[in-house]
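First up is the structure itself, then whatever we jot down about it.
Numbered from 1 within each chain, the chains take letters A, B, ... in sequence-line order.
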Amino acid sequence: MSHDTHSEEYHPHVAPISTYFKLLIVLMLLMGLTIFAYNFDFTQMFGEVPGTFANNIVAMMIACTKATLVIMIFMGVKWASKLVKMYVFLGFAGLGFFAITFSDYGTRHMETEPGWEGQKQLKITNVNAPVVDEEAVQRATVGDGGH
Amino acid sequence: MSATSVGIPDVPKPKEEKNYLNNGNTIASWLLTTDHKRIAILYLISVSFFFLVGGTAAGLVRLELTSPRGIFFENETYNKIFSLHGIIMVFFFLIPAIPAVIGNFLVPLMCGARDLAFPRMNLLSWYVFISGGFLAVLAMLLGGVDTGWTFYTPYSSLYSNTQVTLAVFGGFLAGFSSIFTGINFIVTIHKMRAPGLTWFRLPLFLWAQYATSVIIILGTPVIAITLLLLFAERVLKLGVFSPELGGDPVLFQHMFWFYSHPAVYIMILPAMGVTNEIISCFSRRRVFGYSFVAFSSLAIAGLGFLVWGHHMFVSGQSMYQGLVFSIITFLVAVPSAIKIFNWVATMYKGSIRLQTPMWYGMGFIGLFLVGGLTGLFLSSMASDVHLHDTYFVVAHFHYVMVGGTIMGYMGGLHMWWPKMTGRMYPEFLGQLSAMLVFVGFNMTFIPQFIVGYLGMPRRYHYYYLAPEFQVYNIMSTLGTTVLGIGYILPVFYLLWSLKYGRKAGPNPWHAWGLEWTTASPPPTFNFATVPIVTSEAYDYDAVSDEQHDFLREEEDAAKAAEGKE
Amino acid sequence: MASTHVDSTSHHDPEVYHQFETLEQQNDSYIVGMWTFLVTEIMFFGGMFFIYIIYRWSNQDMFYRLHTELSWPLGALNTVILLLSSFTMACAVHHATLKNRKPQQIFMGLTALLASGFLVVKLAFEWYPKWQHGHMPWYWDWPGHVSSPDLLQVPGGTAKMFYSLYFAMTGLHGIHVLIGIICIVILMYLTKIKSILVDSFLPTEMFGLYWHFVDLVWIFLFPLFYLMPK
Amino acid sequence: MWNVPHLPFIPEQASTFAVEYDLMYWTIMALTIFFTVGTCAFIAFFVAKYHHGSKADRSNPPAANHLLEIAWSVIPLLMALVIFAWNADFYVRMRMPPKESMNIFVVGKQWMWHLQHPNGVRENNRLTVPVGVPIKLTMISQDVLHSFYVPQFRVKQDVIPGRYTMLWFQATKIGTFNLFCTEYCGTQHSEMGGYVRVVSQADYAKWLANGGDDTLPNASPVELGKALWDRYSCGNCHGVKDTERGPSLIGMFGKKREFTDGTSAEADQVYVRDAVLYPYRKILKGYDQTMPEYSDLLNEDQVIQLSLYMKTMGETEKPAALTPVQGTNR
Ligand code: HEA
Ligand code: HEA
Ligand code: CUA
Ligand SMILES: [Cu+2]
């Protein structure tokens, strides 16, 4: 795939400066939008969802949009080869692996609370259970007070 | 095309030709080289050094454990010794062993390229590796590290007053060195294959290296950041994992194993790749189910990232999380099974030659099988509760790492020794040491399975609380002696062969693969002309090869040539 | 093995390193190589972000209070600076590709200036006051001077954790900015002396990728630290 | 049915988990042996049949066989799923203590276990539990990670600073079993252990009632002193050698001791009594106020017993301090 193609002249892609400038403007606007969203309460808009959650989602959505734009245009992935696109994808897909861990932090509270509620005194079910060495216990009890 | 016409005719007869070894003899020509083959040799020397250091530590550990109360050391010293053993063996021997030595040497050769894509970065990777190794050794000399190779917090961050900082930084650097190697391999395999060498004609070793490199670039940065935070916690008093600050020590374990489980596949996949080459070459057969074997490497790489929590079943992670990790772990067993069964099937109707690499290859299958299957005891949560952090785990991972990876590494070293040095190693000693390693290995680690099941915890200096473990420990130590001899032997005869070994032709095994079409040792730029590949992968033919005993033929030819002179 | 050999033709092109066949192959390799390196950077910062998310999740209230100590206008200023520098860098790459050396140098110089500006804002206006207030983990004095009484109720441990994360993440990002400045100065110097190393546009392009990546990290750091919702 | 007699390569089965555990272990073992032996047999067979020079039919070798590939992926997968299902069920049961279990609190610290029974009785490095009662341990660590492990019960759980973890079991046998710390925790990790002593329920009740006292019947004062030594874990700080935790007490009697205030004294019976009951009056050179005061815990009888025991430590080469008491109350 590599050696056999002998292109005469190699032409890298060159995007015009105006494209970059337009992107800059859009990015600035998006930044303004995040700041606006920061001071805006989404609770009513999203109904039951708590404000923190909605706000976080909005903030992250804006950030992701910005990131995508930067990657695609500033970094030129839009015009890049399939291989590059594949690795860009792989890089961000790799972050997905971390997500499994949320099933740890998200479910810890669901486990039996290793707590204090089971403070049961021992109920002797069988008082006549054979004592290993009656006498020994006797002597030991007599022998020493302990405190 | 049958293998009898393997590219020898294409290659000019090796006279006293310039090759990569005699092309410059100054120290600078070695230390400033960008030739992947020379860098591979630099790596070979350094990892061998680290192996001997780690191996000596292993010997001391075993010696000390023959008595329930120890013999020579204090607790603290023992702890430092096994930590040294683990850190050196994992970060400075096993992870670089196959990729950076055999891989570095072979990836461009197998691709038909003149060098890796980024030769200077390759050299840099060696320097970074050596600096990391230097820091680790320095840490040992300045008093040692006593955290175990896992560096669990908060012991490593707040309690241990040994040289953790240095060692952690050494590990950090080693990580970067393997990142550089990984990047190089990925680009080389993608971009620099010879014409005609399509993905499905690639040697399976390259598939394995490719999968390994993907794991390296996705996993290693995570250990880098984790170790960096640990470093910051010790030096800058940051507190990310400190329980006093509400931090979670278990989070450190998540981060650590996020890398370190995939890392075990960084260790095993290249060895599997080597085994593919060995089994098919010495059975004179195309690898059975080529595409299944190729994709199983990628499957292992992918699934390998989703199972790290199986090291933490009793660590206090949630029970539900345990269930998730356990089932995915079982899934990883499937691609491994595919590989094993395909190798065995490759031997069917072959023309099997029991030469040293083949002994190592078969040893790999047998020992990795045991190691992998005992992994199932550990990936079963309930079963792991009892076995976790006992000698059963120690035995499991030595089976896969020593029985698997080192067998693959030794096999590869023998198979490509003629290519690397232009000399044959002594065959009898080779087979002897392969068998000593196999026998000694089982003698060392089978008793550890038993004593682990009986409940002996790992990282235990004293076991006077349960002296009945002693028998097994003595058995294990006896085995180590045999194993040690098996490992020391090659050091001597391989060095011997550099001078006295019979000269090897370009293709002593009559193996398939571009690396065998150039001289042994290869010239600096590998190929006089760009090779074009027209045959399918592993184009062997057992029926016609059955007529030949290539090694004997070459030997006779060499003798005849000598007689004429 | 069945193989024939062809002579490599284009192999005397001085711009092409010996291991490559064609310029295209070489350039592609460098770009792919750079991207694989950026993949490692993504995972590197990804690990940090992941830790941050875990802790933010369980300490949302306290983190919210603590984040009021950070000044979002300064963060926004730095965002503007970085976005601008990304733009100038893209322009520099544009001109490098066309071999317009003069504008290339100017845009690179602007990028370096902006990057330094970022560091000045970061260090002088953000970190230095933290240090004065005793809010650096290695110079810790909680509550020290906190701006609102609300913060007095934040346990010292959580505060230290927050600042640990803050300094670890912005610090790591800052180090990347610093490395960027160093690289860019070297690049400019090499271009100035017309070094053969930078004859191709590739070094500039690769550095550009790195620089945009640094910007990318900040795009996420900014809302996560400075704009925490209640 | 699966209750096996005690074999040397199977740990004793002493809890309700043990029997099922071993059944599972040996099932997976059977699988392991099956695959290992099977694969190795194939290899050996192929080597025997197709080695170079043998007269075997080598014509038309298959290059791949999809049916085979599917078979040897799916069959192991199904086996794995069966094991998983069994394990998942078992694991969940291991992590869910019954409602009526008895709660005991465990604190791990470098390098000892503190256990606290429901009525306040405390033990160190030893756990006394009644047979046949589900016991739930609620555990936390004071410093680094530890792990509570009783092989004969097949249970283990890490002990973490800053968070409670839980472990439960129900003993089925009266006897003494190992207690290990299995999470690496520093210098004396391998010595951070002791015994789990399972006694009958009546014994346990009595033992609790008399405040957890279990000295040997007819014991000599030295033996009683030894029991106290173990009970209060003096050996954790006073080992074979001087450490930062505390001085070694071997051969201390009769020697000159130097203190931080510059004075010195000979270690006699009176000095030792003071050193144990009121350690802060005179602090040994090179140490801090780290030794706990025992004036509230020990009566004069016990101090005498302890001193007599400490005296014997100079006489034997290895101090008895490092030898654990084997099942005082089997
Ligand atoms: C080269 C390194 C390597 C490799 C390849 C593996 C492979 C595997 N490992 Fe191992 N492991 C380690 C190195 C490795 N491991 C190390 C170093 C540790 C300890 C770290 C420490 O704590 O210090 C460890 C610890 C470890 C644990 C944690 C134990 C504990 O601490 O409690 C677990 C648990 O699940 C585990 C499981 C597995 C599994 C399921 C595989 C699988 O990939 C194996 C798959 C292979 C097979 C299963 C064999 C072939 C298949 C068949 C023949 C078909 C039949 C199969 C079925 C019926 C399913 N390993
Ligand atoms: C690549 C990895 C690798 C390799 C090759 C080995 C090789 C060996 N290991 Fe290693 N081991 C680990 C990785 C490895 N190990 C890891 C990661 C741990 C966990 C550490 C931790 O808990 O943190 C561990 C822990 C570990 C333990 C447990 C320690 C403990 O928990 O207390 C033991 C105990 O027997 C052991 C033994 C051995 C032995 C006998 C060998 C043998 O195979 C070595 C044989 C080689 C030689 C013997 C060297 C060659 C001979 C000489 C140099 C001559 C001198 C020889 C003698 C003095 C005998 N290892
Ligand atoms: Cu406590 Cu190990
Ligand atoms: Cu694992």
Choice from C/W211, C/F220, C/Y226, C/F213 maximising heavy atom contacts with chain A below 4.5 Å = C/F220
Applying a strict 4.5 Å limit to non-hydrogen atoms, the region of C/M89 in contact with chain A is neither
Side chain, backbone, both or neither of C/I219 within contact of chain A (heavy atoms, under 4.5 Å) | both
Segment of C/F49 engaging chain A (4.5 angstrom heavy-atom cut-off) | neither
Specify the closest pair of heavy atoms between C/I42 and A/G91, including all atoms of both residues, with the distance to one decimal.
-> CG2-O, 3.6 Å
I would like to know whether A/Y20 and C/F87 meet ring-ring contact (aromatic ring centres under 6.0 Å, His included); could you show each step before the answer?
-> CA-CA 6 Å; A/Y20 293 144; C/F87 169 72; 7.2 Å; no
Flag the one option from C/D215, C/V80, C/T36 with the top tally of heavy-atom pairs under 4.5 Å to chain A.
-> C/V80
For C/K102, does the NZ atom have more than 12 heavy-atom neighbours from other residues, nucleotides or ligands under 6.0 Å away?
-> no
Let me know if A/L27 has heavy atoms under 4.5 Å from chain C in its side chain, its backbone, both or neither.
-> both
Below 4.5 Å from any heavy atom of chain A, which atoms of C/Q60 appear? Answer side chain, backbone, both or neither.
-> side chain
Sequence neighbours left out, cut at 3.5 Å: what donor-acceptor pairs do the side chains of residues 91-98 of chain C make with other protein atoms?
from	atom 1	to	atom 2	distance (Å)
C/H94	ND1	A/A15	O	2.6
C/H95	ND1	C/N100	ND2	3.2
C/T97	OG1	C/V93	O	2.6

C/F37 and C/Y210 aromatic centres sub-6.0 Å = no
